[in-house]
Amino acid sequence: MDWLTIGGGYLGGGQNLIVFINESLWPPDWGVIEPQAYPVCTAYPPFDFTCSTAWIGMTETIKIAFISTVFGTLVSLPISILASRNLNPIFITFPSRFILAACRSLPSIIWAIFFVILVGFGPLSGILAMTIYTVGYLGKLQYESIEGMSNIPLESADSMGLSKIEKAIGVVIPEQANNLISQTIFMFEYNVRHGTVIGIVGAGGIGYYINLYLKFLQYDKVLAYLIIIYSVVIIIDFISIYARSFFNDEGDINPPKWISVLIPQWIFDSR
Amino acid sequence: MDFTVVDIDELTIGYSKKNPLVEIPRLEISSGEIIAITGPSGVGKTTLIRTISGLVRPLKGKVSLFGKPFGVRPKRGSLGYIPQRLGLVRHASVLHNVKLGARAGNSNPYSIFPNSKIRDLCLDSIRRMGLSEKIYEPVRRLSGGQQRRVAIARTMAQSPKIILADEFLSELDEKTLEMVKTEVVEFVRKESSTLIVVEHDVSRAKSIADRMLVIDDGRVNPFISQTTALEVKK
């Protein structure tokens, strides 16, 4: 890229960039949260924003992310248990790791392109793409955390003669529940962020609208979408902090309040 | 009828051949016996019971459980192990932890339906350890002594033929210690299990053991790398 052109040359001092921000990007066009002209909106104010492209796109992205996180977790957990070296011999861990690495080796956008070709445009290809990527990525995080767990509960389970399935369900999953839940929530947040990217290739969600307005060079609308995505990610982050606090030791001493979803807990604690 | 459950012959244990910890010429432990292994810390007491339980490979010699050589797993649920650091599932409830032991001793590995017999067994051993009030409490919220009692309850619910317990009476107050000791000894006598205890406190070890295995420390002379296990009658 020619940075000199963007910056307006050495002497220009970023003139072109300033012009771009002033004339095309700022202020963001909040028309994206107004109801669309067609189809006719059946909701009454103040709930008519639910007919806006931002709302429709964002909810679709969240739905895609949620479903693919659930499916991805269900598939990745058994594979990651098989892939853990402290639970299984190498001839089981190696093929399981191979499967996870295969799912992870392509980024979700490439999987999305692949599934758009295979099943067509729309959220289904987004769900399939993100589920496969979730299996690879989350599986890796899960087996790393299972391998990091203390060996002593596993040794006493071994001495007792518990089977591998009993060990996995009775010892490994409850002992690592905190990590597994936090990784799943992290994956959901990651999928929401990536849901916007895969929408650009036609796999549904808010990315579809971003792509649309990018093509029409309406950057102020694109900026409004980005701000909405950013806010949603922040809210998910707070919800994840709140949810995780039930599964760690700190939650026992200092149970979180609902308000901490919106305002960080430490503000209350510091009083 | 008493029969040999643990048979040790010319056993050398440790983590490296260059630096073996303990050498035991000959030791037979019969069913229904209570054996206490004592000695100063770092001498290899824990390594010895880890070797008996099959977790550490012996450097030399023979150790067999129920007549089966090292490496052959004993029958499911026939061996109970209370490690020094307990090995509990910290984020799960007391009942969940005890149920793991009860399942190992009393059900097949593929049973998935709730079993009232197992539940009763769990509740009984939790009651005997005085934790009836804490059944659904996560183990991480309990005190050190209470966690120790959960580990003992887990092993009691399992009712194994051999119990290997590493410092299982530490972190308990006088009153609880007496209660736990009485319950465990009574349990062992009733089930004719064998209890092998690692205990650094000699008087405490004497109070429960039929026989004591004193591992003498060889560290007085740095050139003596091996230590010798002496069998001492009480």
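Treat the numbers as computed from the prediction; the structure is a model and nothing was measured. Numbered from 1 within each chain, the chains take letters A, B, ... in sequence-line order.
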### Summary
side chain to side chain contact (heavy atoms under 4.5 Å, CB included) test vs A/P174 passes for just one of B/V139, B/V89, B/L100, namely B/V89

### Message
If you compare all heavy atoms of A/M160 against all heavy atoms of B/G101, which two are closest, and at what distance to 0.1 Å?
### Response
SD-CA, 3.6 Å

### Task
Go through the atoms of B/L55 and report whether side chain, backbone, both or neither lie under 4.5 Å from a heavy atom of chain A.
side chain

### Query
Side chain, backbone, both or neither: which part of A/N151 has a non-hydrogen atom closer than 4.5 Å to chain B?
neither

### Query
Should we count OH of B/Y15 as having more than 12 external heavy atoms under 6.0 Å?
yes

### Task
Evaluate side-chain contact (heavy atoms from CB on, under 4.5 Å) for B/R85 paired with A/S150, printing each intermediate quantity in order.
CA-CA 10 Å; B/R85 282 187 279 161; A/S150 164; 5.9 Å; no

### Query
Taking it one step at a time, do A/E155 and B/R50 satisfy side-chain contact (heavy atoms from CB on, under 4.5 Å)?
CA-CA 10 Å; A/E155 282 184 352; B/R50 279 168 63 84; 2.6 Å; yes

### Message
Between B/R73 and A/D158, is there a side-chain heavy-atom distance shorter than 4.5 Å?
### Response
yes

#### Entry: Salt bridge flag under 4.0 Å for residues A/E166 and B/K99
no

### Task
Give a yes or no on this: more than 12 heavy atoms of other residues, nucleotides or ligands lie within 6.0 Å of atom NZ of A/K164.
yes

### Flag if over 12 foreign heavy atoms under 6.0 Å of CH2, A/W111
yes

### Query
For atom CZ of A/F71, is the number of surrounding heavy atoms from other residues, nucleotides or ligands below 6.0 Å larger than 12?
no

### Rounded distance (nearest 0.5 Å) linking atom OG of A/S159 with atom CD1 of B/I52
12.0 Å

### Query
Say you draw a straight line from NE2 of B/H91 to CG of A/N179; how long is it, rounded to the nearest 0.5 Å?
7.5 Å

### Query
Around A/I227, counting heavy atoms of other residues, nucleotides and ligands shown, do more than 12 lie under 6.0 Å from its CD1?
yes

### Main-chain N/O of A/G170 paired with B/H96 side-chain donor or acceptor, under 3.5 Å
yes

### Message
Rounded at 0.5 Å granularity, tell me how far CG in B/D166 sits from OG in A/S156.
### Response
12.0 Å

### Message
More than 12 heavy atoms of other residues, nucleotides or ligands under 6.0 Å from CZ of B/F70: yes or no?
### Response
yes

### Query
Which answer fits B/P160, side chain, backbone, both or neither, if we ask what part of it has an atom under 4.5 Å from a heavy atom of chain A?
neither

